[in-house]
Trainee: 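Next up is a structure, given as structure tokens.
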Amino acid sequence: RADQLCGCFSVRNRLREIVGASTNWRDHQQALADRLSLSNQLAGSQDELPVRRMKDSYIEAHLPLGTDPTLREKYLNYLKVLICYSHTHNKALQRSPLSIVTALVDKIGMTPSSPGTLWLISPVCDFTGHVTWVGKTSIEAKMHMSQYHGGAYTPVLDATFVMVARDPENKRAAFVNPLKPEGIEEEKLFQQGEINKTRRIELSTASLLKVAPTAEERKIVHSLFLNTLDSKTVSFRSRVLPPNSVWMEDAKVKGLEICHPQERNIFNRIFGGFLMRKAYELGWANACVYGGCRPNLVAVDDILFRKPVEIGSLLLLSSQVCYTEGKYIQVRVHTEVLDPLTRQHNTTNVFHFTFVTDKDVPNIVPQSYGESMLYLDGKRHFNQTLESQ
């Protein structure tokens, strides 16, 4: 009798899931149809759009994350998009006719409370943000998180995102409203946006996937190679691991995710925030195992969304400790989609995380040329993080 009741409940719950999924699918299709009707509201050029000020997109949110945990997933990942929609808001339509998608996470940095330590995030946080720079079809948005500490709000986290505007069907680029800075501080923010754009272009041009390492970097690679040669033999193949070191090959952690429809966005693809969370969790786990203690996140750097991830995809995640220095651990997480029919692998994202521990960690040592390039790339990202602290 109990088994029968359990079976009935199981079937009933499954039916509820199916009905719920069907309803959500109809709602999703209706939302797409509503957005399709906005296509004729798009501007033919940026000159046709009204100029916006930074304060037009300013948003402040006071979130009691400790007393209401559901707010975490509901709001934190959407604030940056809301800022961009505020900038492109059409008063006549009472909404934005654009689709805003994340192109790049330029930087997420934790603010040190004192040298060598980081804030513990409190249950009540205050979020602010606004648009700081725009191109023809792209928007840079900055967000700041602060928390009540010692009788006042103290900065904890700063984040910079690059968003791109698309038509309502997300098929082609669309123009965004121009931005007019007001005052010295806003001029500095806008100029920093231009600097960030130039820096991203330069980094892409100097990528180790395109050009050879610099002369100084080649010296570093050769020094690492010499430190691993076996002094007892006269052979380039005989390698010995130096003391307090780990081969890069032994500092990997991998994972797999089946992408379910619960994690989809309005375009019926996997939400970028879900991918970021999974990559961070894997990278943190790798740093934790490598360092032998719980690491703290210092920065997230240069996350480029190369390709969308479809529902039902097999998402392969591979984390690699690629650079270490003192108490710091630089982790690279590579994500790709595997097509089980063709067995083809397509890269979707590459994530860079900088962690810090409360003790010195072993040195990471590459063996192959490819690992040496990972080492140099990790060192570049680590140096950028230190420069921006």
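Heavy atoms only: backbone and side chains are in, while hydrogens, waters and symmetry mates are out.
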Trainee: Tell me, with the steps shown, if Thr335 and Lys278 meet side chain to side chain contact (heavy atoms under 4.5 Å, CB included).
Mentor: CA-CA 10 Å; Thr335 63; Lys278 291 300 179 181; over 6 Å; no
Trainee: Measure the spacing between NE2 of His352 and NZ of Lys107 and express it to the nearest 0.5 Å.
Mentor: 11.0 Å
Trainee: What's the verdict on side chain to side chain donor-acceptor pair (under 3.5 Å) for Tyr323 and Glu325, showing C-alpha distance, side-chain angles and the deciding distance?
Mentor: CA-CA 7 Å; Tyr323 182 76; Glu325 185 173 314; 2.5 Å; yes
Trainee: Return yes if some donor-acceptor pair links the side-chain N/O of Thr357 with the main-chain N/O of Lys327 below 3.5 Å, else return no.
Mentor: yes
Trainee: Side chains of residues 193-204: which donor-acceptor partners sit under 3.5 Å, not counting sequence neighbours?
Mentor:
unit_1 : atom_1 : unit_2 : atom_2 : d
Glu194 : OE2    : Trp133 : NE1    : 3.1
Asn196 : OD1    : Gln192 : NE2    : 2.9
Asn196 : ND2    : Glu140 : OE1    : 3.1
Asn196 : ND2    : Gln192 : O      : 3.3
Thr198 : OG1    : Glu194 : O      : 3.1
Arg199 : NH2    : Asp106 : OD1    : 3.1
Arg199 : NH2    : Asp106 : OD2    : 2.9
Arg200 : NH1    : Asp106 : OD1    : 2.9
Ser204 : OG     : Lys210 : NZ     : 3.1

Trainee: Rounded to the nearest 0.5 Å, what separation is found between the CZ atom of Phe382 and the CG atom of Asp301?
Mentor: 12.0 Å
Trainee: Would you list the atom pairs, donor with acceptor, under 3.5 Å between side chains in residues 251-259 and any protein atom, with sequence neighbours excluded?
Mentor:
unit_1 : atom_1 : unit_2 : atom_2 : d
Lys252 : NZ     : Glu249 : OE1    : 3.4

Trainee: Backbone N or O of His89 within a donor-acceptor pair of the Arg52 side chain at under 3.5 Å?
Mentor: yes
Trainee: For Asn90 versus Pro97, what's the shortest heavy-atom pair and its separation?
Mentor: CB-CD, 4.1 Å
Trainee: Does Gln46 use its side chain to pair, donor to acceptor, with the backbone of Gly135 at less than 3.5 Å?
Mentor: yes
Trainee: If I compare all heavy atoms of Arg343 with all of His345, which pair ends up nearest, and what's the gap?
Mentor: O-CD2, 3.5 Å
Trainee: Is there a path of hydrophobic side-chain contacts, each under 4.5 Å between heavy atoms, that joins Phe175 and Val101?
Mentor: no
Trainee: What is the distance from atom SG of Cys84 to atom CE of Met163, rounded to the nearest 0.5 Å?
Mentor: 5.0 Å
Trainee: Output, in order, the C-alpha distance, side-chain angles, deciding distance and verdict of side chain to side chain contact (heavy atoms under 4.5 Å, CB included) for Val300 and Phe351.
Mentor: CA-CA 8 Å; Val300 183; Phe351 303 83; 5.6 Å; no
Trainee: When you compare the side chain of Ile311 with that of Ile270, does any pair of heavy atoms fall below 4.5 Å?
Mentor: yes
Trainee: Is the backbone of Leu224 close enough, under 3.5 Å, to the side chain of Asn227 for a donor and an acceptor to pair up by distance?
Mentor: no
Trainee: Same cluster or not: Leu316 versus Leu374, using hydrophobic residues (I, L, V, M, F, W, Y) connected whenever any side-chain heavy atoms lie under 4.5 Å apart?
Mentor: no
Trainee: Got a second to check how far Lys379's NZ is from His381's NE2, nearest 0.5 Å?
Mentor: 13.0 Å
Trainee: Side chain of Ser223, backbone of Val221: donor and acceptor closer than 3.5 Å?
Mentor: no
Trainee: Does Val309 offer a backbone N or O that forms a donor-acceptor pair with the side chain of Arg269 under 3.5 Å?
Mentor: no
Trainee: Spell out, as yes or no, whether a donor-acceptor pair under 3.5 Å connects the side chain of Ser138 to the backbone of Val134.
Mentor: no
Trainee: Using only atom types and a distance under 3.5 Å, with no angle test, would you say the side chain of Asn177 pairs donor to acceptor with the backbone of Pro50?
Mentor: yes
Trainee: Is Trp247 close to Thr228 at the side-chain level, that is, under 4.5 Å between some pair of heavy atoms?
Mentor: yes
Trainee: For Ala287 and Ile329, work out which heavy atoms get closest and say how close.
Mentor: O-CD1, 3.6 Å
Trainee: Transitively linked via ILVMFWY side-chain contacts under 4.5 Å: Val162 with Val131?
Mentor: no
Trainee: Looking at Tyr369 and Pro213, what are the two nearest heavy atoms and their distance?
Mentor: OH-CD, 3.9 Å
Trainee: Is there a path of hydrophobic side-chain contacts, each under 4.5 Å between heavy atoms of I/L/V/M/F/W/Y residues, joining Val361 to Leu241?
Mentor: no
Trainee: Report the distance from atom CE of Met248 to atom OG of Ser372, rounding to the nearest 0.5 Å.
Mentor: 7.0 Å
Trainee: Could you check whether the rings of Tyr280 and Phe353 sit parallel, tilted or perpendicular, using 30° and 60° as the cut-offs?
Mentor: perpendicular
Trainee: Going by atom types only, do Thr160 and Lys142 share a side-chain donor-acceptor pair under 3.5 Å?
Mentor: yes
Trainee: Compare every heavy atom of Ala174 with every heavy atom of Leu98, then report the nearest pair and how far apart it is.
Mentor: CD2-CB, 3.6 Å
Trainee: Would you indicate whether the side-chain heavy atoms of Ile59 and Ser86 approach each other to under 4.5 Å?
Mentor: yes
Trainee: For residues Asn244 and Pro362, determine if any side-chain heavy atom of one lies less than 4.5 Å from a side-chain heavy atom of the other.
Mentor: yes
Trainee: Would you please test Met110 and Asn296 for side chain to side chain contact (heavy atoms under 4.5 Å, CB included) and show each step?
Mentor: CA-CA 9 Å; Met110 302 294 294; Asn296 288 318; over 6 Å; no
Trainee: Which heavy atom of Val176 sits nearest a heavy atom of Ala165, and at what distance?
Mentor: CG1-CB, 3.3 Å
Trainee: Could you tell me whether the side chain of Leu208 reaches within less than 4.5 Å of the side chain of Glu217, counting heavy atoms only?
Mentor: yes
Trainee: side-chain hydrogen bond (donor to acceptor under 3.5 Å, both in side chains) with Thr347: which of Glu336, Arg306, Lys307, His334?
Mentor: His334
Trainee: Got Val350 and Leu304 here, is their nearest side-chain heavy-atom distance under 4.5 Å?
Mentor: no
Trainee: Could you check whether any side-chain heavy atom of Phe305 comes within less than 4.5 Å of a side-chain heavy atom of Val105, counting everything from C-beta outward?
Mentor: yes
Trainee: Under the side chain to side chain contact (heavy atoms under 4.5 Å, CB included) rule, what do Tyr58 and Thr128 come out as? Steps first, then yes or no, please.
Mentor: CA-CA 7 Å; Tyr58 179 83; Thr128 60; 3.3 Å; yes
Trainee: Give a yes or no on whether Met145 and Leu297 share a hydrophobic cluster (residues Ile, Leu, Val, Met, Phe, Trp, Tyr; joining criterion: side-chain heavy atoms under 4.5 Å apart).
Mentor: yes
Trainee: Counting N and O atoms only, with roles assigned by atom type, does the side chain of Asp230 sit under 3.5 Å from a partner on the main chain of Val240, one being a donor and the other an acceptor?
Mentor: no
Trainee: Any side-chain heavy atom of Ile108 sitting closer than 4.5 Å to one from Met276?
Mentor: yes
Trainee: Output yes when Arg380 and Asp377 qualify as a salt bridge under the 4.0 Å nitrogen-oxygen rule, no when they do not.
Mentor: no
Trainee: At what distance, to the nearest 0.5 angstrom, does CD1 of Ile139 lie from OG1 of Thr88?
Mentor: 5.5 Å
Trainee: Counting only N and O atoms by type, is there a donor-acceptor contact under 3.5 Å from the side chain of Thr354 to the main-chain atoms of Val298?
Mentor: no
